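Here is the structure we will look at.
None of the values given here were measured: they were computed from a predicted structure.
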Amino acid sequence: MLTEEEIGKYKQAGKVVSGIKKDVLSKIRVGSRLLDIAEEMEKKISDGGARPAFPVNISINEIAAHFTPQVNDARTVKAGDLVKIDMGAHIDGYIADMAFTWCSEKNDLIRASTDVLQAGIDAVRPGARVSDISLAISKAIEGAGFGPIVNLTGHSLGRYKFHGGVSIPNIPNENGYVLQHGDVVALEPFVCETAGRVDDSGPVEIYQFAQRRPVRSMEGRKILQLAENDFGGLPFAKRWLVRHITPIRVKMAILELERVNALRSYPVLKNMEGGKIAQAEHTIIVADEPIVTTL
Ligand code: MN
Ligand code: MN
């Protein structure tokens, strides 16, 4: 169960995120720089009294997730691109996780992703099994005439935790975990023309604190301290580090930290079948009247 105060923090984080979504949708256009979008969104999270729960992901077309712009990234939005923006904010560790897809043209995959997400949300209630929610999502994807990304899932959320231990697949499964009052879940169907599967693709721009390890370089120790404390043990972008350390030293220090397993890395995830992907995601507090915090 959650206290009223905890529910309040989840809702406040959700409100910050949904306000930023509206702002992005009113401004994004062909030619927008991905780096500008990400940095402006991250600044607005702080201005809104929350903190980024992870770097803004802007994953385009067959890239499913974990792409965030690099330092000085010049890439822009192109006509017809499926631009998936996944953002997270937290207040005191209570996370709002939300994603949406934008395209310069009308796109059936985007429409389907929001319909499928709604079908999943409609299945959320105390007593529902994970398998019930997955089935609702999976049927909706099939009903729209599309396919899922078979190896990406929704998940439960915990305080300062992205994966609270429960995965919610977008394909049928036998997971009998029963949702409880006060569970918090993020549902995130990925929809493509035909079923796809993602795998790691380079380069890595997102990292997360894994464990304290002896580190030789001063920069390595600084990054590990930022990762554990300033970023709250949550994922961060390499570009966030250049406020503290020069890019060349960041690169070397990260190599050292990876070598000693002090950091976890998040490689870009790409659809190996090659198809374009649309994604939609909301965070939901399980209750008799489920609360979608990110609406
Ligand atoms: Mn997300
Ligand atoms: Mn998520």
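Looking at heavy atoms from C-beta onward, Phe190 lies out of side-chain contact with Pro148 at the 4.5 angstrom threshold. Between Asp288 and Pro126, some side-chain heavy-atom pair lies under the 4.5 Å cut-off. The shortest side-chain heavy-atom distance between Pro172 and Ser131 does not fall under the 4.5 Å cut-off. Annotation: side chain of Phe146 is in contact with side chain of Asp108 (closest heavy-atom distance under 4.5 Å). Side-chain contact between Ile137 and Ile133 is present, with heavy atoms from C-beta onward closer than 4.5 Å. Side chains of Val184 and Thr293 form no contact here, defined as non-hydrogen atoms less than 4.5 Å apart. Between Asn57 and Lys84 the shortest side-chain heavy-atom distance does not fall below 4.5 Å. You'll find the side chain of Leu109 stays beyond 4.5 Å of the side chain of Ile277, heavy atoms only.
Using modelled atom types and a 3.5 Å distance limit, the side chains of Arg239 and Thr68 yield a donor-acceptor pair. There is a side-chain donor-acceptor pair under 3.5 Å between Asn173 and Ser134. In the model, Ser113 has no side-chain atom that pairs as donor or acceptor with a side-chain atom of Gln279 under 3.5 Å.
Under the 4.5 Å side-chain heavy-atom criterion for ILVMFWY residues, a single connected hydrophobic cluster contains both Leu224 and Val204. Placement of Leu226 and Phe236 within a single hydrophobic cluster is found when ILVMFWY residues are connected by side-chain heavy-atom separations under 4.5 Å, directly or transitively. Note on Val150: it does not cluster hydrophobically with Val116, by side-chain heavy-atom contacts below 4.5 Å among ILVMFWY residues. Grouping the Ile, Leu, Val, Met, Phe, Trp and Tyr side chains by contacts below 4.5 angstrom, directly or via other members, places Val185 with Val292. Using a 4.5 Å cut-off between side-chain heavy atoms of Ile, Leu, Val, Met, Phe, Trp and Tyr, with links allowed through other members, Leu35 and Ile206 fall into different hydrophobic clusters.
Heavy atoms from other residues, nucleotides or ligands lying under 6.0 Å from CG of Asn72 number 12 at most. Residue Gln180 places its CD atom among more than 12 non-hydrogen atoms of other residues, nucleotides or ligands, all under 6.0 Å distant. At most 12 heavy atoms of other shown residues, nucleotides or ligands fall within 6.0 angstrom of atom CZ in Arg111. Residue Glu105 places its CD atom among more than 12 non-hydrogen atoms of other residues, nucleotides or ligands, all under 6.0 Å distant. Shown here is Lys251, whose NZ atom has no more than 12 heavy atoms of other residues, nucleotides or ligands within 6.0 Å. More than 12 heavy atoms of other residues, nucleotides or ligands shown are found within 6.0 angstrom of NZ on Lys238. Shown here is Met252, whose CE atom has no more than 12 heavy atoms of other residues, nucleotides or ligands within 6.0 Å.
Under the side-chain contact (heavy atoms from CB on, under 4.5 Å) criterion, Gln211 pairs with Arg213, Asn261, not counting sequence neighbours. Arg243 meets the side-chain hydrogen bond (donor to acceptor under 3.5 Å, both in side chains) test with no other residue; sequence neighbours excluded. Residues forming a side-chain hydrogen bond (donor to acceptor under 3.5 Å, both in side chains) with Thr294 (at least two apart in sequence, or on another chain): His282. Considering only residues two or more places apart in sequence or on other chains, Arg125 meets the side-chain hydrogen bond (donor to acceptor under 3.5 Å, both in side chains) condition with none of them. Qualifying side-chain contact (heavy atoms from CB on, under 4.5 Å) partners for Asp92, counting only residues two or more places apart in sequence or in other chains: Lys9, Tyr94, Arg159, Tyr160. Residues passing the side-chain contact (heavy atoms from CB on, under 4.5 Å) test with Ala186 are Asp97, His155, Leu157, Glu281, Thr283, sequence neighbours excluded. Among residues two or more places apart in sequence or in another chain, the side-chain hydrogen bond (donor to acceptor under 3.5 Å, both in side chains) test is passed with Glu62 by none. The side-chain contact (heavy atoms from CB on, under 4.5 Å) test applied to Glu174 returns no partner, not counting sequence neighbours. Every residue was checked against the ring-ring contact (aromatic ring centres under 6.0 Å, His included) condition with Phe209, not counting sequence neighbours, and none meets it.
A donor-acceptor distance shorter than 3.5 angstrom exists from the side chain of Asn61 to the backbone of Leu82, with no hydrogens or angles considered. Under the 3.5 Å distance criterion, the side-chain polar atoms of Gln208 are matched with a main-chain donor or acceptor of Gly233. The main-chain N or O of Arg216 is found under 3.5 Å from a side-chain atom of Glu256 such that the two form a donor-acceptor pair. Side-chain atoms of Asp36 do not come within 3.5 Å of backbone N or O of Arg33 as any donor-acceptor pair.
Put simply, CD on Glu258 and OG on Ser265 are 5.0 Å apart, with the number rounded to the nearest 0.5 Å. Put simply, NE2 on His66 and CG on Asp86 are 8.0 Å apart, with the number rounded to the nearest 0.5 Å. Atom CZ of Arg212 and atom CZ of Arg221 lie 14.5 Å apart (nearest 0.5 Å). To the nearest 0.5 Å, atoms CG (Leu187) and CD1 (Ile121) are separated by 6.0 Å. Note that CD1 of Ile110 and CG of Asp115 are 12.0 Å apart. Values are rounded to the nearest 0.5 Å. With rounding to the nearest 0.5 Å, the separation of CG in Leu135 from CD1 in Ile171 is 11.5 Å.
Clustering of Ile, Leu, Val, Met, Phe, Trp and Tyr side chains at separations under 4.5 Å places Ile20 together with Val16, Val17, Val24, Leu25, Ile28, Leu34, Ile37, Met41, Ile45, Val56, Ile58, Ile60, Ile63, Phe67, Val77, Val83, Ile85, Met87, Met98, Phe100, Trp102, Val268.
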Derivation and outcome, salt bridge (Lys or Arg N to Asp or Glu O under 4.0 Å), residues Lys44 and Glu40: CA-CA 6 Å; Lys44 287 217 161 77; Glu40 189 174 338; 2.8 Å; yes

Show, in sequence, the C-alpha distance, side-chain angles and deciding distance for Phe54 and Phe162, and conclude whether the ring-ring contact (aromatic ring centres under 6.0 Å, His included) test is met. CA-CA 10 Å; Phe54 53 86; Phe162 266 93; 5.3 Å; yes

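Judged as a salt bridge (charged side-chain N to carboxylate O under 4.0 Å, His left out), the pairs with a partner in residues 132-141 (not counting sequence neighbours) are, in order, Arg129-Asp132. Under the side chain to side chain donor-acceptor pair (under 3.5 Å) criterion, no residue pair touches residues 189-200, with sequence neighbours excluded.
Closest approach of Ser46 to Pro52, counting heavy atoms only: OG-CD, 4.4 Å.
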